[in-house]
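Working notes for the structure below.
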2 protein chains.
Amino acid sequence: MTDRLMDAGSQAPADLPPGSDEQDVRRRLLDAASEEFAARGFEAATVRDIVARARTNLNSINYHFGGKQALYAEVLRHQVALSEARHPQRSDERAEGAPEAALRAAVRRLVRFLLDPDSLLPRLYALELLNPSPAFASMGPGASQQSALASAVQGLLGPHADPRLAARCVRSIYSQCAYFMFVRKALPMVDPQFRHDAQAPDELTDHITEFALGGIERLRRDR
Amino acid sequence: MTDRLMDAGSQAPADLPPGSDEQDVRRRLLDAASEEFAARGFEAATVRDIVARARTNLNSINYHFGGKQALYAEVLRHQVALSEARHPQRSDERAEGAPEAALRAAVRRLVRFLLDPDSLLPRLYALELLNPSPAFASMGPGASQQSALASAVQGLLGPHADPRLAARCVRSIYSQCAYFMFVRKALPMVDPQFRHDAQAPDELTDHITEFALGGIERLRRDR
DNA sequence: CCCCATTTTAAACACTTGTAATAAACAAAT
DNA sequence: ATTTGTTTATTACAAGTGTTTAAAATGGGG
C-alpha cells in the first residue's frame with residue numbers, strides 16, 4: 001500500500017549520494033520507455049519490451065510509475081524538459097534588431113529542434129499530433145515554438161496587419177519546418193534526394209527563411 | 001482448398017446480376033476496414049471491430065482477403081482509386097497558360113484532396129508517412145500530386161533554374177498543404193482559430209498560392 | 001542481531017489478439 | 001432430390017497484452 005508517490009518527500013532530499021541509487025531504475029525505465037514509445041507509439045510499445053531494454057523486471061513499471069499510461073505521461077514531460085535544455089531560447093530571437101534576423105533565428109531554432117537526431121521529442125510530438133492522447137495537453141502544444149515565429153512575422157508585416165493574415169503566415173512557416181517531423185521516417189521514399197548532412201539544418205533554415213520573406217512581402221503588399 | 005483467388009475467372013463474368021451478391025460482403029468489409037484502419041491505424045484496428053461494423057462474421061476477412069494484412073493492402077488500393085475518381089486531374093493544371101494559374105490550380109487540387117472530409121485517404125496516407133508499412137510502396141508516395149506542383153514551379157522559376165532549388169520550393173508548397181493532413185485531428189488544440197468552413201479550402205488555396213508566389217519570386221531574384 | 005519498510009523477482013491472472021479448424025447454410029446443376 | 005462447390009457462421013487455439021498477487025531479497029536503524 002505504500003505508494004511510490006508518497007515517499008518522494010521522505011527520500012527525495014537524500015537519494016543522490018549512493019550514485020543515484022533510487023533514481024537508477026527509474027531513469028533507465030524512462031529512457032527505455034522513451035525509445036520504445038517513440039519507435040512504436042504508445043499502444044504498440046509493450047511493457048515487456050520496455051523493461052527488457054531497461055534491464056529490470058516486469059513489475060517495475062507498475063511499481064515506479066503506476067502503470068503504462070502514467071509512465072507515458074512521465075516520458076512526455078521528461079523529453080520536453082530534455083529538449084528544452086538542449087535547445088534553449090536564445091536571447092537574440094526576441095531582440096529588437098531587424099525582423100529578418102528574428103525570423104531567421106526563430107526558423108533556425110525550430111529546424112534544429114525538429115531535425116535533432118538525438119531528440120526523441122519530435123517523433124513523440126508527431127505521434128501525438130496525428131493521434132492525440134489525454135497526455136497531449138501536458139506538452140503545451142508547441143505554443144512556445146510558434147510564439148517566436150509570431151513576433152517575427154508581426155515585425156515583418158507591420159503593426160497594423162490583419163491578425164488572421166499573420167496567423168496564416170506563421171502557419172505557412174511552421175508547417176514547412178514541421179513537415180520533416182512527420183515524414184522523417186519515410187523521407188527516403190518520398191524525397192530520395194534529400195541529404196541529411198550536418199549542414200542540412202542550415203541550408204533548410206536559409207531556404208525556408210528566404211521563401212517566407214518573399215511570401216510575407218508579397219502578402220504585405222497585397223493588403 | 002478452393003482459394004478465393006482462383007474463382008475470379010470462373011465467376012467474375014457473372015457475379016453482378018444478383019445485385020452485387022458476391023461483391024456485397026467484400027465491399028462492406030472494405031468500407032468498414034477503411035474506416036477502422038483510418039481511425040485507429042493498422043495495428044490498433046481489430047478484425048473483430050471490422051467484421052462487426054461490416055455486419056458479417058469473424059472468418060470473412062480470412063476467407064475473402066486472406067488475412068488482416070492483405071485486407072489492409074486492398075484498402076489502400078481501394079481508397080487510392082476512390083480518391084483519384086473524386087479528384088480527377090483537371091486539364092487546366094498542365095495547361096500552357098500563366099504559370100501563376102498553373103500553381104494555383106495545383107495547390108487547389110492538393111488542398112481539396114487533403115481537406116476532403118469524405119475521403120479516408122489523407123489519414124491513411126499520413127499514418128503511412130509517419131510509420132511506413134510494407135504496403136506503403138503500393139501508394140506511389142504522392143508523386144502524382146507533386147508532379148503538377150513541380151511543373152508549375154518550374155514554369156515560375158524559369159528553365160535555367162537550379163533543380164535543387166526547384167525541389168526545395170516544391171517541398172515548401174507541398175508541406176504547407178500536407179500540414180493539414182497530419183494535424184487534422186489535433187487542429188482544435190494546436191490552431192483553435194482555424195475555421196473549417198466550406199470556403200476554407202479556397203481561402204487556404206489563395207493564401208498558400210500567394211505566399212508561394214512571393215517566395216519563389218524572391219528566390220528567383222536571389223539566384 | 002533483528003525488525004521493517006522498500007525494492008526486486010517471479011508467477012499467475014484476466015483479457016484481447018489474429019488465425020485455423022470445423023460445422024452449418026446455401027445455391028445451382030445434374 | 002441429391003450432390004457439389006461456395007459462402008457463412010461458430011468455436012477453438014496459441015500467442016501476447018497490462019496488471020495483480022505474493023514471495024524473496026535488500027539494506028539500514030532499533
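All heavy atoms count here, side chains included; hydrogens, waters and symmetry mates do not. These figures come from a predicted structure and were not determined experimentally.
- Donor-acceptor pairing under 3.5 Å, judged by distance alone, is absent between the side chain of A:Asn59 and the base of C:dT8.
- The CG-P distance, from A:Leu29 to C:dT7, rounds to 13 Å in whole Å.
- Applying the 3.5 Å distance criterion, the base of D:dG18 shares a donor-acceptor pair with the side chain of A:Arg48.
- Heavy atoms of B:Ala45 sit under 4.0 angstrom from primed sugar atoms or phosphate atoms, though from no base atom.
- Of the charged side-chain nitrogens involved, at least one lies within less than 4.0 Å of a carboxylate oxygen, so that B:Arg112 and B:Asp202 count as a salt-bridged pair.
- Summarising the geometry, atom CD belonging to B:Glu74 is positioned 9.5 Å from atom OG belonging to B:Ser138; distances are rounded to the nearest 0.5 Å.
- The residues A:Asp24 and A:Arg28 are annotated as salt-bridged, a charged nitrogen and a carboxylate oxygen being separated by less than 4.0 angstrom.
- Panel note: side chain A:Arg26, backbone A:His64; a donor-acceptor pair is recorded below 3.5 Å.
- Between C:dT7 and A:Ser60, no contact under 4.0 Å exists linking OP1 or OP2 to a side-chain N or O.
- In this structure, CD of A:Glu43 is placed 14 Å from P of C:dT16, rounded to the nearest angstrom.
- Distance, B:Leu58 CG to D:dT11 P: 12 Å, rounded to whole Å.
- Rounded to whole Å, the distance from CG on A:Asn57 to C1' on D:dT20 is 14 Å.
- Straight-line distance from the NE2 atom of B:His64 to the C1' atom of D:dT8: 8 Å, rounded to whole Å.
- One finds a salt bridge joining A:Arg104 and A:Asp206 here, because a Lys/Arg side-chain nitrogen approaches an Asp/Glu carboxylate oxygen to under 4.0 Å.
- The interatomic distance linking B:Arg55 (CZ) with D:dA9 (C1') rounds to 16 Å, in whole Å.
- Atom CD1 of A:Ile61 is separated from atom C1' of C:dT8 by 14 Å (rounded to the nearest Å).
- Residue A:Asn62 places its side chain closer to D:dT19 than to any other of C:dG18, D:dT19, D:dT17.
- Here D:dG18 presents its P atom at 15 Å from OH of A:Tyr72, a figure rounded to the nearest Å.
- Nearest to the side-chain atoms of B:Tyr63 among the listed nucleotides D:dG18, D:dT7, C:dT19 stands D:dT7.
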